[in-house]
Protein chains: 2
Amino acid sequence: MSIPDPSWGTHAHTVLEEAGHRRGGARDEVIDLLASQACALSAQDIETALRAQGRAVGRASIYRALDVLVEYGLIKRLEVGRAEACYEPANPGGHHHHHVVCEVCGELAAFDDRELEAAIARLGARLGMHIDDHDVLLRGTCRECAGRVPTATPPQHLHQH
Amino acid sequence: MSIPDPSWGTHAHTVLEEAGHRRGGARDEVIDLLASQACALSAQDIETALRAQGRAVGRASIYRALDVLVEYGLIKRLEVGRAEACYEPANPGGHHHHHVVCEVCGELAAFDDRELEAAIARLGARLGMHIDDHDVLLRGTCRECAGRVPTATPPQHLHQH
DNA sequence: TCTAATAATGGGACTCAGTCTCGGAAACAG
DNA sequence: CTGTTTCCGAGACTGAGTCCCATTATTAGA
């Protein structure tokens, strides 16, 4: 449940500029949208949101922007078991979190846990290979859904919150 | 790393039969192939392998079979950051493992770790929601790749081992 | 054994996320 | 201002996965 970090957008612009990237309208729109968002967005969400704001951006440009941002570690790509990938700003400080997805309503929530991080760090050392990154995804039933539908059949299509 | 469990195929057939599923050729082929396989397979791999054995099965039937198997918890679906999902037999005893994927060559390896499982179990309790399942994916560089290409640019297309 | 009911199959059209291409527009250096 | 280079957008394309439906196979029950 990361509160959107207002400085992330600036930071992202700076990093790209220092890396010699020119400043183009499309990428800026994507960065600004991500900076204002608390939750992970899919490429599709981004396209829709920008179009709704009257700032339509070509699909290719959105994917290009996301690729560059991932490359510089400015955003993180999430696979949440849905068809599309989601993207969310990465905290410059290296502090990161993981996600729980509700199997009933598709609600995506974030959490962080030092014990889990510590366990993974130790594990990496034990495996004897260098671990750059890791993902943890928990699947369960959120409290609202647990109360609402005790034994419902899980829906095939989850909706993003 | 998992040695294929010869009894898994029988177990899968039994579970489906007891659940009232009729026995059709296509699903049996998929189950038998998965039972003989040590590593996770994509739907595409399954289609290719069956065709190569002269036991071609319609694509729709493969996906149907996989859906049913996932539904009964007989196989596990893996998202490994690639385009396609992979599937592997789930151990009936509930014992499971996670994966490390090499960012250079795409090699997929399995590991299990009691400490990690314990940390996740405690975490679930702390979050106050019921957790059915979890995935952990580590990304890093395997030993061969670490020795071979110290600072190569990671390839865009990973190949399944 | 025969039959009816119903589940499973397969081919192929379809969907949809993501990629590629290429001509044109914008940004920066000089 | 001008040339170079990067960036952009539209749309064609790819490929995984889904859907549909006529046909085939399985199984229970007569």
Side-chain angles (χ1 to χ4, degrees), chain A residues 12-13 16-33 40-51 54-72 75 77-87 155-160, chain B residues 12-33 40-51 54-72 75 77-87 155-160:
Chain A
H13 285 304
L16 294 184
E17 193 170 343
E18 286 176 355
H21 284 274
R22 292 181 184 173
R23 231 184 136 126
R27 191 163 52 213
D28 285 4
E29 297 293 355
V30 173
I31 290 175
D32 292 348
L33 180 65
L41 292 179
S42 69
Q44 231 55 229
D45 294 334
I46 294 172
E47 186 169 6
T48 309
L50 289 178
R51 190 179 307 283
R55 311 178 167 197
V57 158
R59 196 183 320 149
S61 301
I62 292 174
Y63 284 106
R64 262 189 300 248
L66 292 173
D67 283 348
V68 172
L69 291 168
V70 165
E71 189 182 335
Y72 287 89
I75 60 176
R77 181 192 164 99
L78 308 176
E79 310 267 351
V80 194
R82 257 174 262 165
E84 355 69 76
C86 293
Y87 299 84
Q156 296 307 81
H157 305 290
L158 302 180
H159 304 100
Q160 176 161 26
Chain B
H13 285 304
T14 309
V15 169
L16 293 184
E17 193 171 344
E18 286 176 355
H21 283 275
R22 293 180 182 175
R23 228 181 140 129
R27 191 163 53 214
D28 285 6
E29 297 294 353
V30 172
I31 291 175
D32 293 346
L33 180 65
L41 292 179
S42 70
Q44 230 56 227
D45 293 337
I46 294 171
E47 186 169 7
T48 308
L50 290 178
R51 190 178 306 283
R55 310 177 167 197
V57 157
R59 198 184 318 149
S61 302
I62 292 175
Y63 283 107
R64 261 189 302 251
L66 292 173
D67 283 348
V68 171
L69 291 169
V70 165
E71 188 182 334
Y72 287 90
I75 60 176
R77 181 193 165 99
L78 308 176
E79 310 266 350
V80 194
R82 257 175 262 167
E84 355 69 75
C86 292
Y87 300 85
Q156 295 308 78
H157 303 291
L158 302 179
H159 304 100
Q160 176 162 26

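Not measured: the values here are computed from a predicted model. Note on naming: letters A, B, ... go to the chains in the order of the sequence lines (proteins, then strands), and numbering restarts at 1 for each one.
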According to a strict under-4.0 Å criterion, is [X] in side-chain N/O contact with OP1 or OP2 of [N]?
X     : N      : value
B/S61 : C/dA8  : no
A/H21 : D/dT6  : no
B/Q44 : D/dA16 : yes

Exercise. Considering the options A/R22, A/R23, A/R55, which one meets the salt bridge (Lys or Arg N to Asp or Glu O under 4.0 Å) requirement together with A/D28?
Worked result: A/R23
Quickly work out the [X] [atom1] to [N] [atom2] distance and round it to whole Å.
X     : N      : atom1 : atom2 : value
B/H13 : C/dA8  : NE2   : P     : 14 Å
B/R22 : C/dA5  : CZ    : P     : 12 Å
B/L16 : C/dT9  : CG    : P     : 11 Å
B/Y63 : C/dA8  : OH    : C1'   : 18 Å
A/E17 : D/dT6  : CD    : P     : 16 Å
B/R51 : C/dT9  : CZ    : C1'   : 14 Å
B/E18 : D/dT27 : CD    : C1'   : 17 Å
B/I62 : D/dG15 : CD1   : C1'   : 15 Å

Classify the nucleic acid contact of [X] as base, sugar-phosphate or nothing, counting any heavy atom under 4.0 Å across all strands shown.
X     : result
B/G25 : sugar-phosphate
B/R59 : base
A/A60 : base
B/R27 : sugar-phosphate

Problem set entry | B/D45 side chain vs B/S42 backbone, donor-acceptor pair below 3.5 Å | yes
Exercise. With distance as the sole criterion, do the side chain of B/R23 and the base of D/dT27 form a donor-acceptor contact below 3.5 Å?
Worked result: no
For this session: Kindly say whether, by distance alone, the side chain of B/R64 makes a donor-acceptor pair under 3.5 Å with the base of D/dG17?
Result: no
Given side chains that start at C-beta, do those of [X] and [Y] come closer than 4.5 Å, heavy atoms only?
X     : Y     : result
A/L69 : A/Y87 : no
B/H21 : B/R27 : yes
A/I31 : A/L16 : yes

Exercise. Start at the 5' end of DNA chain D and walk down; is the nucleotide closest to A/G20 or to B/A85 reached first?
Worked result: A/G20
Exercise. Picking from D/dA25, D/dG9, D/dT5, which would you name as closest to the side chain of A/A26?
Worked result: D/dG9
